Amino acid sequence: MLQLATLRMNPGEVKQRLAIKNFKDPAMVDLIIQLDEERRKLSTSFDETKAKINAASKEIGQFMSKGQKEEADLRKKDVEALKSANHPIQEELEAVEKQVHELLLQLPNLPSPLVPPGKTPEENQEIRSGGSKPELHSGAVPHWDLAKKFDLIDFELGNKITGSGFPVYKGKGARLQRALVQYFLDYNTKAGYTEFMPPHLVNEASAYGTGQLPDKEGQMYFVSEDHLYLIPTAEVPVTNIYRDVMLKEHELPVKMTAYTPCFRREAGSYGKDVRGLNRLHQFDKVEIVQLVHPDKSYEVLEEMVVHIEKILQSLELPYRILRLCGGDMSFTSALTYDFEVYSAAQEKWLEVSSVSNFETYQSNRMKIRFKDEGGKSQFVHTLNGSALALPRILACLLENFQNENGIKIPVVLHSYFGSEMI
RNA sequence: GGUGAGGUGGAUGAGUGGCUGAAAUCAGCAGUUUGCUAAACUGCCGUAGGGGUUAAACUCUACCGCGGGUUCGAAUCCCGCCCUCACCGCCA
């Protein structure tokens, strides 16, 4: 959620930046500012009357203790009058406050100045790329065929047990998943991230905190009996660890990593994009999250990009890094880099990570603050990224490293996987 | 799921209708003392929103799990919800 002060100080700039995100209703900014002004007027008026009521109540207490009942009764009449005068003001104040809050929730985060304009994924900027596309042998096939041939993943079985989008990993397929999770967690903890195993279901407050609600309500699985959401990413439980926490400046940065399954309804997607491992309802992901000093967040974002890039290099996969344009970014992000890996048999790029700086958008909602040197409380900046999402990595590993003899496993995974070939 | 107890500031914990935004202790911060460390002493030490100020000072309001209610007045009484702990039941 944007801070009101930001809107108040620079309404013009806010509108300009919202336009880059293709926000359709810039007048909302003026409306919020206007309502806030009204809110403050009402608040002042309400507080003044309330102060009078409080003073009178105190006097009544004094009169009563002295046994001056008539005096007390007179003051009671005053209080009654003040209260009935204040009542409509209170109602109006509450209504305006609620309205401001609700409107504020509807504003997306402001894009950083680095964000390129644009509406579609085609307008994302390629920052750099690495690795090289492999030359596949003549019998090369997509990963879903490889999964069947080597008995690694059973999509039909998942269909039977649960439904489409819930594959069953089996034998070496399951082992490779576990190897990747371990490798990623080790890689992240070596870089100073503390490992967590958070709950896989979260309450409403947590889902609001990171911004999944109200924006992506329909994307999450919901357990209505207990009013809990299945997490769409570890970002939700992990960032909420620090909800309502006042940090000390020296405790920053907070670096956390977690492996969790992720659950997404992916309502409304079908077709070839969802074939095999390309898009699932349940998948595994290792996430990294940082809470940092506002002055450091863009530096840290670059660090996280390099961190993820190096994992991809270590896996010997061809990748490219994209800076997302305004139209392709998420609601809550100020700047996002997507990582895509080349899936050689499908001949297409697959997104395997997304790293974002949310600035104070999430911390404002979650009240994650720190005390600066002057003793003032400030919101931290939150950042997170996938390091990494498993299914598409697995798809690329299978496709890119297939040869006449089987599937080669990257060196860094040998000790985790227990062998060099499938 | 049942029964009982309880949720107060960073922590412990007092507080059953007005003088309590909240005792006391500990931790923390600043200072005095001290050869150093330790100890002792003094002061400060919640959050948010208004007003005010160049900035402060100052001042008002709200907050003692959350939401309602009673009352001139609620941390304190009443109702609902949530959570924690203990015991029982069930169970990986």
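Everything quoted here is computed from the prediction, not taken from an experiment. All chains are named by letter (A, B, ...) in the order of the sequence lines, taking the proteins before the strands, and each is independently numbered beginning at 1.
Considering only side-chain atoms of Ser377(A), the nucleotide from U47(B), G50(B), A48(B) that sits closest is A48(B). Distance from the side chain of Ala51(A) is smallest to C60(B) among U47(B), C60(B), G50(B). Out of C72(B), U47(B), G50(B), the shortest distance to the side chain of Arg369(A) is found at U47(B). Closest to the side chain of Thr44(A), from the set G51(B), U47(B), C72(B), is G51(B).
Nucleotide C83(B) has G6(B) as its partner under the Watson-Crick or G-U criteria, with both atom distances under 3.5 Å. Across all strands shown, A48(B) forms a Watson-Crick or G-U wobble pair with U61(B), both key distances being under 3.5 Å. The partner of U25(B), taking Watson-Crick or G-U wobble pairs whose two distances both stay under 3.5 Å, is A11(B). The partner of A92(B) is absent, by the rule that a Watson-Crick or G-U pair needs both atom distances under 3.5 Å. Nucleotide C41(B) forms a pair with G31(B), judged by Watson-Crick or G-U wobble geometry with both contacts under 3.5 Å. Across the strands present, U54(B) finds no partner; the criterion is a Watson-Crick or G-U wobble pair with both atom distances under 3.5 angstrom.
A residue-by-residue look at Glu48(A) and Asp36(A) shows that Asp36(A) has its nearest nucleotide of RNA chain B further toward the 5' end. Of the two residues near RNA chain B, Met246(A) and Ile53(A), the one whose nearest nucleotide lies more 5' is Met246(A).
Glu71(A) places its CD atom 14 Å from the C1' atom of C72(B), with the value rounded to the nearest Å. The distance between atom CD of Gln62(A) and atom P of C72(B), rounded to the nearest whole Å, is 18 Å. The CD-P distance, from Glu37(A) to G51(B), rounds to 10 Å in whole Å. One interatomic measurement links the two molecules: NZ of Lys58(A) to P of U61(B), which rounds to 8 Å at whole-angstrom precision. The distance from atom NE2 of His250(A) to atom P of G10(B) is 16 Å, rounded to the nearest whole Å. Phe46(A) has its CZ atom 9 Å from the P atom of C63(B), to the nearest Å. In this structure, the CD atom of Glu204(A) is 18 Å from the P atom of C81(B), given to the nearest Å. Note: CD (Glu97(A)) to P (G50(B)) measures 10 Å, nearest angstrom.
Ring geometry, Tyr361(A) versus Phe331(A): the interplanar angle exceeds 60°, so the pair is classed perpendicular (tilted spans 30 to 60°).
As rounded to the nearest Å, C64(B) and U16(B) have C1' atoms that lie 14 Å from one another. To the nearest whole angstrom, the two P atoms, one in A5(B) and one in C79(B), are 13 Å apart. Taking atom P on both C83(B) and C78(B), the two are 22 Å apart, rounded to the nearest angstrom. When the P atom is compared between G10(B) and G17(B), the two are found 27 Å apart, to the nearest whole Å. The same atom, P, is picked in A86(B) and in G80(B); the two are 25 Å apart, to the nearest Å. Here, G15(B) and G6(B) have their C1' atoms 16 Å apart, quoted to the whole Å. Atom name P, nucleotides G50(B) and G18(B): the rounded distance is 32 Å, in whole Å. For G9(B) and G65(B), the P atoms lie 8 Å apart once the distance is rounded to whole Å.
The base of G73(B) is not paired with the side chain of Asn54(A) by any donor and acceptor separated by under 3.5 Å.
Phosphate contact (OP1/OP2 of G49(B), side-chain N/O of Arg39(A), threshold under 4.0 Å): absent. Taking side-chain N and O atoms only, Ser65(A) has no distance below 4.0 Å to OP1 or OP2 of C19(B). The phosphate of G28(B) (OP1 or OP2) has no side-chain N or O of Lys371(A) nearer than 4.0 angstrom. OP1 or OP2 of A62(B) has at least one side-chain nitrogen or oxygen of Lys50(A) nearer than 4.0 Å.
Under the 6.0 Å cut-off for aromatic ring centres, Phe370(A) and His293(A) qualify, their centroids lying closer than that. No close placement of the His200(A) and Phe263(A) rings is indicated, their centers lying 6.0 Å or farther apart. Checked against the 6.0 Å centroid criterion, the rings of His87(A) and Phe46(A) do not qualify as a close aromatic pair.
The residue Lys77(A) sits apart from the nucleic acid: no heavy atom pair falls under 4.0 Å. Using a 4.0 Å heavy-atom distance criterion, Arg40(A) is classed as a sugar-phosphate-only contact.
With no hydrogens or angles considered, a side-chain donor-acceptor pair links Asn357(A) and Ser297(A) at under 3.5 Å.
Using a 4.5 Å heavy-atom threshold, the side chains of Asn364(A) and Lys367(A) count as touching. A heavy-atom distance below 4.5 Å is found between the side chains of Leu397(A) and Leu180(A).
Salt-bridge annotation for Lys149(A) and Asp145(A): absent, with no side-chain N of the basic residue lying under 4.0 Å from a carboxylate O of the acidic one.
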